[in-house]
There are 2 protein chains.
Amino acid sequence: MDTQHYLQAAERLCAANGGKLTELRRQVLELVLGYPGVVKAYQVLADLQRDRGAAAPPTVYRALDYLAQYGMLHRVDALNGYIVCHHFECSHQALILACEQCGGVEELDADATFQSLSQTTARAGFVPRAQSLVLTGSCKHCQP
Amino acid sequence: MDTQHYLQAAERLCAANGGKLTELRRQVLELVLGYPGVVKAYQVLADLQRDRGAAAPPTVYRALDYLAQYGMLHRVDALNGYIVCHHFECSHQALILACEQCGGVEELDADATFQSLSQTTARAGFVPRAQSLVLTGSCKHCQP
DNA sequence: CAGGTAATGTTATACAGTAACATCCGCGAT
DNA sequence: ATCGCGGATGTTACTGTATAACATTACCTG
């Protein structure tokens with residue numbers, strides 16, 4: 001999916017949730033799209049300041065939170081960062097592997113794993129927050 | 001496992017790894033044991049300051065990192081916190097469910113899920129970092 | 001146009017984590 | 001015993017991450 005189609009899909013997703021892909025949100029989403037892997041809020045903030053003169057932390061955090069809330073981005077807790085989700089229109093569950101060394105990200109289908117996971121958590125009456133599961137570790141190019 | 005036996009097991013684990021459960025580490029471990037769920041580094045720091053007069057962030061972070069490195073504690077990235085691992089002597093993989101509302105924690109066996117997970121990641125040549133998987137969400141008492 | 005709602009701007013601050021260097025302490029070798 | 005080494009801890013200062021609280025704007029709708 002190229003950037004144009006991706007942004008159009010993002011617009012549709014916002015609209016479907018009663019919101020809008022505002023100029024700021026689009027700009028932030030494009031900035032994150034420009035990185036191959038994990039990007040940090042303060043990096044996006046710096047980019048934003050370069051592009052539009054002024055911006056403060058809440059500006060970028062609000063946009064990132066919004067985009068993550070509807071699945072266009074995923075937050076990678078272990079790295080205090082964000083990644084683009086390229087599957088937000090698909091129904092299948094993605095397993096995200098984020099490399100701590102190179103910052104690269106890979107998304108895999110993991111329906112089987114998710115079935116197993118959700119059965120286990122359901123048995124405990126527990127509802128996981130994240131739609132997608134993010135693991136950190138070492139990718140095949142960065143093995144120790 | 002009561003506290004005494006737990007601490008003895010922790011000592012053995014440290015020794016087995018060529019280290020020691022020093023006074024500071026024992027104290028930190030006991031403090032974390034005293035909380036029913038997730039506890040934050042700065043909470044432990046405050047407790048430590050109360051108990052021994054002076055302590056700075058590196059003191060508590062070093063102890064927490066050490067304890068987490070060998071599995072006595074787990075870090076919960078999503079909450080910037082730590083929890084006690086009650087299974088560090090067992091071989092089975094634990095799935096940890098941490099409630100974002102009440103801070104409570106539950107540990108489940110999840111060997112099946114882990115098998116599925118590790119097959120999936122292995123196929124991608126990816127080596128996950130954490131021995132144990134921590135999910136955040138809502139426990140059965142805190143459903144929205 | 002009035003008034004409400006969502007979004008953004010602004011300031012200040014709280015919370016989380018680490019670098020760098022000093023000091024201490026236990027222990028084995030001389 | 002003491003020298004010197006390495007692991008652990010103390011101390012200072014700082015960087016990075018995130019949010020509270022309030023002001024302002026933009027836009028829609030009646």
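In this text the structure is predicted, and so the values were computed from the model without any measurement. Both backbone and side-chain heavy atoms feed into the values below; hydrogens, waters and symmetry mates do not. Below, chain A is the first sequence line, B the second, and so on; all start at residue 1.
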Choose from D:dT11, D:dT19, C:dT11 the nucleotide whose nearest atom is closest to any side-chain atom of A:Ala56.
C:dT11
Nearest whole Å is fine: how far is C:dA19 P from B:Asp65 CG?
11 Å
Closest-nucleotide mapping onto DNA chain D: is B:Asn80 or B:Pro57 further toward the 5' terminus? I mean the 5' end.
B:Pro57
Quick one: do the B:Tyr35 and B:Asp47 side chains pair a donor with an acceptor below 3.5 Å?
yes
Are A:Thr113 and B:Gln115 packed together at the side-chain level, in the sense that at least one heavy-atom pair is separated by less than 4.5 angstrom?
no
Separation of atom CZ in B:Arg62 from atom P in C:dA19, rounded to whole Å
11 Å
Using the rule that Ile, Leu, Val, Met, Phe, Trp and Tyr join whenever any side-chain heavy atoms are under 4.5 Å apart, tell me whether A:Val127 and B:Leu135 fall into a single cluster.
no
Output the distance between atom CG (B:Asn80) and atom OH (B:Tyr42), rounded to the nearest 0.5 Å.
11.5 Å
At under 4.0 Å between heavy atoms, what does A:Thr59 touch on the DNA or RNA strands: base, sugar-phosphate, or nothing?
base
If each of B:Tyr61 and A:Pro58 is mapped to the nucleotide of DNA chain C with the nearest heavy atom, which maps nearer the 5' terminus, i.e. the 5' end?
A:Pro58
Report the C-alpha separation of B:Tyr61 and B:Tyr66 in whole Å, then their side-chain angles, then the decisive distance to 0.1 Å, and conclude whether the ring pair (Phe, Tyr, Trp, His ring centres under 6.0 Å) test is met.
CA-CA 8 Å; B:Tyr61 277 106; B:Tyr66 181 88; over 10 Å; no
For B:Leu45 and D:dG10, what is the distance between atoms CG and C1' respectively, to the nearest whole Å?
13 Å
Heavy-atom closest contact (B:Leu67 atom, B:Arg25 atom, distance)
CD1-O, 3.8 Å
May I ask you to decide whether B:Glu11 forms a salt bridge with B:Arg26, counting only side-chain N to carboxylate O separations under 4.0 Å?
no
Just the rounded figure in Å: distance from C1' of C:dA16 to CD of B:Gln43.
14 Å
Roughly, in whole Å, what's the span from CG in B:Leu64 to C1' in D:dT9?
14 Å
What is the distance from CG of B:Leu21 to C1' of D:dG7, rounded to the nearest Å?
15 Å
Ignoring backbone atoms, establish whether B:Arg52 has a side-chain N or O less than 4.0 Å from OP1 or OP2 of D:dG10.
yes
Let me spell it out: for each of B:Tyr66 and A:Leu79, pick the nucleotide of DNA chain D with the closest heavy atom. Which residue's pick is nearer the 5' end?
B:Tyr66
Among A:Asp65, A:Val28, A:Val76, A:Val38, which one satisfies side-chain contact (heavy atoms from CB on, under 4.5 Å) with A:Tyr82?
A:Asp65
Does a nitrogen or oxygen in the side chain of A:Thr22 sit under 4.0 Å from OP1 or OP2 of C:dA6?
no
Just by protein heavy atoms under 4.0 Å, how would nucleotides 25-30 of chain D read 5' to 3' in B, S and -?
------
B:Cys85 to B:Gly71 - nearest heavy-atom pair and separation
CB-O, 3.2 Å
Distance, rounded to the nearest Å, where A:Glu23 contributes CD and C:dG9 contributes P:
11 Å
So do A:Leu108 and B:Phe126 actually touch side chain to side chain, heavy atoms under 4.5 Å?
no
Look at the side-chain N and O atoms of A:Arg75 and state whether any lies under 4.0 Å from the OP1 or OP2 oxygen of D:dT17.
no
DNA chain D contacts made by residues 24-42 of chain A, counting heavy atoms under 4.0 Å
A:Lys40, A:Tyr42
Pairing pattern in dot-bracket form [Watson-Crick, G-U; both distances under 3.5 Å; | = partner strand] for DNA chain C
||||||||||||||||||||||||||||||
Closest non-hydrogen atom pair between B:Ala10 and B:Leu29, with its separation:
CB-CD2, 3.8 Å
For the hydrophobic clusters of this structure (ILVMFWY residues joined by side-chain heavy atoms under 4.5 Å, transitively), does one cluster hold both B:Leu45 and B:Leu24?
yes
Rounded interatomic separation in angstrom, taking CD from A:Gln49 and C1' from C:dT8
15 Å
